[in-house]
Amino acid sequence: MQFLRAYARNPAALIGAALVLAVLAMGLLAPLLYPGDPLSLAGRPLQWPGANPRFPLGTDPSGRDIAAQLFHGARVSLLIGFSATAIAVVIGIGIGALAGFYGGIVDTLLMRVTEAFQTLPNFLLLLVLVAVFGSDIKTVTIAIGIVAWPPVARLTRAEFLSLRTRDFVQACRLQGLSDAHLILREVLPNALPPVIVYASVVMAIAILLESALAFLQLSDPNVSSWGNLIGLGRNVLRAEWYVSAIPGIAILLTILGVSLVGQGLNDALNPRLAGR
Amino acid sequence: MRLLGLAARRLAASLPALLLILIGLFLLLQLAPGDTVDALMAQMGGGDERIATELRVFYGLDLSVPARLGQYLLRLVQLDLGYSAIYGKPVATVILERLPATLLLMTASLSFAFAFGAVLGVVAARRVNRWPDTLISTLGLIFYATPSFWFGLMAIVVFSVHLQWLPAGGFGDVALGLTGFAAVLDIAKHLVLPTLTLALIYLAISLRIMRAAMLEVLTLDFVRTARAKGLTETRVVARHVLRNALLPMITLIGLQVGTMLGGSVVVESVFTLPGLGRLAYESVVQRDLNTLLGIAFVSALLVIAANFIVDMLYARLDPRISSGG
């Protein structure tokens with residue numbers, strides 16, 4: 001409750017929450033407002049926004065409704081964002097917890113693997129994964145999760161390193177509780193808050209990665225994705241720039257919302273640092 | 001001397017990661033559907049099985065996976081990255097042709113992001129919670145949220161299509177046959193928009209880091225001492241705070257080089273620059289796995305080199321690091 005009040009005192013955090021809720025509403029309302037396939041032919045191609053009341057945001061080069069694609073795209077972006085973040089956070093926490101809790105050789109080995117992932121540019125690894133395993137939406141989501149976990153692992157490890165020698169953990173150890181109990185029930189809950197805050201950064205990165213991949217036409221062509229639409233609009237950029245402009249604004253506002261929420265959570269968790 | 005020892009240790013520590021990357025990627029690419037020969041055959045418009053088998057023997061694709069991995073690593077030590085069947089040249093040659101554009105783009109973007117991020121961060125920190133700070137911090141948030149490829153496209157619409165100030169893509173007009181200063185100017189003109197596009201998100205990150213670091217350092221005791229000595233605020237910031245606040249910024253550069261290489265894939269595609277990033281994209285589309293592996297190797301080397309330089313810079317700026325051990 002106190003946490004919520006601290007969050008609500010921050011106007012930027014409220015704007016962020018409003019943006020995220022708006023995108024969420026877009027995604028939820030998409031099947032109601034625009035039933036049917038958003039990627040099917042709707043009307044004459046390349047009608048400017050406002051030119052035809054049936055298509056408030058116009059149509060793309062293939063004659064598909066841009067508004068419908070925008071609403072369905074919100075669904076896809078959020079779905080990929082949430083799922084990829086969940087995958088990255090689970091892998092990251094798993095590796096970071098083991099490395100930080102046990103230390104020694106386990107730590108060295110796991111951190112070498114983490115370093116390897118961090119040395120390779122993550123978009124490049126994403127390209128390799130998509131080249132090898134194909135680009136349907138499930139594969140792309142898992143690939144983004146695989147690419148995005150290392151910072152989560154580092155953060156979790158650091159938290160575990162500082163927590164594992166605390167008195168309450170030692171006390172539990174003396175009681176003869178198992179390692180699994182210590183990791184999952186004692187240390188992890190205390191290590192979680194900063195990781196949750198960082199998850200918002202991971203989510204922003206995941207959405208950006210997917211849209212970049214879709215822009216290069218390397219993501220799933222059978223789902224309505226904002227990045228995909230921007231890529232299609234590129235061919236008609238000189239005259240009909242709105243095709244690329246509109247979905248780009250949607251991505252911008254979504255990322256802005258996610259980052260503001262993350263910042264708000266951070267400030268509410270660390271009130272002393274707020275305003276920094 | 002101590003610095004050199006530190007340098008050598010740091011370089012040695014990055015070797016296991018490099019080896020892991022190479023083995024991991026090599027095994028990963030074995031899972032790819034279709035190999036180089038399939039791609040080649042498709043490009044030739046099909047052919048019979050006999051030719052495919054001969055080609056596989058020619059490229060050494062008929063051996064077992066461990067044998068090929070061993071061969072590959074052995075050749076890498078001799079800096080031989082293999083042969084690109086698609087380009088008909090050694091991979092090392094293809095990469096070297098594409099490297100300058102990417103390096104130029106990355107250096108320009110990093111310098112831009114670092115310099116402007118530092119300046120904006122200092123301005124924001126000195127006017128903390130007043131309108132210049134609010135403005136700069138808001139801009140930072142928006143820059144951070146802007147997808148680079150979209151910003152690039154919009155910049156093309158505004159500056160190339162409507163205002164016609166800058167070229168929309170490419171890396172210098174070869175047709176004009178420019179030489180000397182004129183050629184340099186031409187390339188610079190082509191690089192303005194890509195540099196801004198790639199730098200945008202890093203500008204946002206570095207201004208935020210710089211602002212936070214400045215605020216952190218400004219609360220420390222030695223700053224109070226400097227003020228108590230009667231130094232002007234400008235002198236306090238320039239001589240005492242800046243040097244310390246720059247340390248996190250330098251760490252940031254080391255962390256960002258890798259993501260920047262990834263970002264250049266997209267930016268080079270938007271502006272049709274003949275760089276490493278676009279080569280990576282092309283080799284994915286053309287299934288030129290040898291080249292893709294080579295690019296990953298070179299990128300990892302670049303990241304390691306960048307981190308090495310950052311370590312050295314860090315040790316120079318903060319003497320405690322090299323002497324403390």
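So that the names make sense, note that chain A is the first sequence line, chain B the second, and so on, each numbered from 1.
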Review point. CZ of A:Phe123 to CG of A:Leu216: how many Å apart, nearest 0.5 Å?
Key: 5.0 Å
Exercise for review: Compute whether any side-chain donor of one residue and acceptor of the other, for A:Glu210 and A:Ser225, lie under 3.5 angstrom apart.
Suggested key: yes
Point to revise | Residue selection (most heavy-atom pairs with chain A, distance under 4.5 Å) from B:Asn307, B:Val303, B:Thr138 | key: B:Val303
Revision key, fill the gap. Max heavy-atom pairs within cutoff under 4.5 Å with chain A, candidates B:Ser160, B:Gly262, B:Ser148, B:Ser299, goes to B:Gly262
Exercise for review: Name the region of A:Leu218, side chain, backbone, both or neither, that has any atom closer than 4.5 Å to a heavy atom of chain B.
Suggested key: side chain
Practice item. Identify which one of B:Leu198, B:Thr197, B:Leu110 satisfies the side-chain contact (heavy atoms from CB on, under 4.5 Å) criterion when paired with B:Leu105. Key: B:Leu198
Check your understanding: Under 3.5 Å, is there a donor-acceptor pair between the B:Ser283 and B:Gln286 side chains?
Key -> no
Study note, to complete from the structure: Applying a strict 4.5 Å limit to non-hydrogen atoms, the region of A:Gln263 in contact with chain B is side chain
Check your understanding: With a 4.5 angstrom heavy-atom cut-off, which part of A:Ser259 approaches chain B: side chain, backbone, both or neither?
Key -> side chain
Revision key, fill the gap. If one checks every heavy atom of A:Ile249 against chain B at 4.5 Å, the contacting part turns out to be both
Exercise for review: Considering only heavy atoms and a distance below 4.5 Å, find which of B:Val265, B:Leu292, B:Thr259 pairs most often with chain A.
Suggested key: B:Val265
Check your understanding: Are any of the side-chain nitrogens in B:Arg98 or B:Glu268 under 4.0 Å away from the carboxylate oxygens of its partner?
Key -> no
Exercise for review: Heavy-atom distances under 4.5 Å only: say whether B:Leu19 touches chain A with side chain, backbone, both or neither.
Suggested key: neither
Revision key, fill the gap. If one checks every heavy atom of A:Leu260 against chain B at 4.5 Å, the contacting part turns out to be side chain
Practice item. For A:Arg157 and A:Asp107, run salt bridge (charged side-chain N to carboxylate O under 4.0 Å, His left out): C-alpha distance rounded to whole Å, both residues' side-chain angles, the deciding distance at 0.1 Å, then the answer. Key: CA-CA 9 Å; A:Arg157 172 177 174 268; A:Asp107 183 30; 2.7 Å; yes
Review point. For B:Leu153, is it the side chain, the backbone, both, or neither that has a heavy atom closer than 4.5 Å to a heavy atom of chain A?
Key: both
Exercise for review: Would you mind checking which part of A:Val258 comes under 4.5 Å of any heavy atom in chain B, side chain (CB onward), backbone (N, CA, C, O), both or neither?
Suggested key: neither
Exercise for review: Tell me, for B:Leu293 versus chain A, whether the close heavy atoms (under 4.5 Å) come from the side chain, the backbone, both or neither.
Suggested key: neither
Going by atom type alone, with no hydrogens or angles, which donor-acceptor pairs under 3.5 Å involve a side-chain atom of residues 142-151 of chain A and a protein atom two or more places apart or on another chain?
residue, atom, partner, partner atom, Å
A:Trp149, NE1, A:Ile146, O, 3.0

Review point. For B:Val257, is it the side chain, the backbone, both, or neither that has a heavy atom closer than 4.5 Å to a heavy atom of chain A?
Key: neither
Revision key, fill the gap. Given B:Trp150, B:Tyr144, B:Tyr281, the one with more heavy-atom pairs under 4.5 angstrom with chain A than any other is B:Trp150
Check your understanding: Less than 4.0 Å between a side-chain N and a carboxylate O, is that true for A:Lys138 and A:Asp220?
Key -> no
Revision key, fill the gap. Between the CD atom in B:Gln256 and the CG atom in B:Leu261, the distance rounded to the nearest 0.5 Å is 11.5 Å
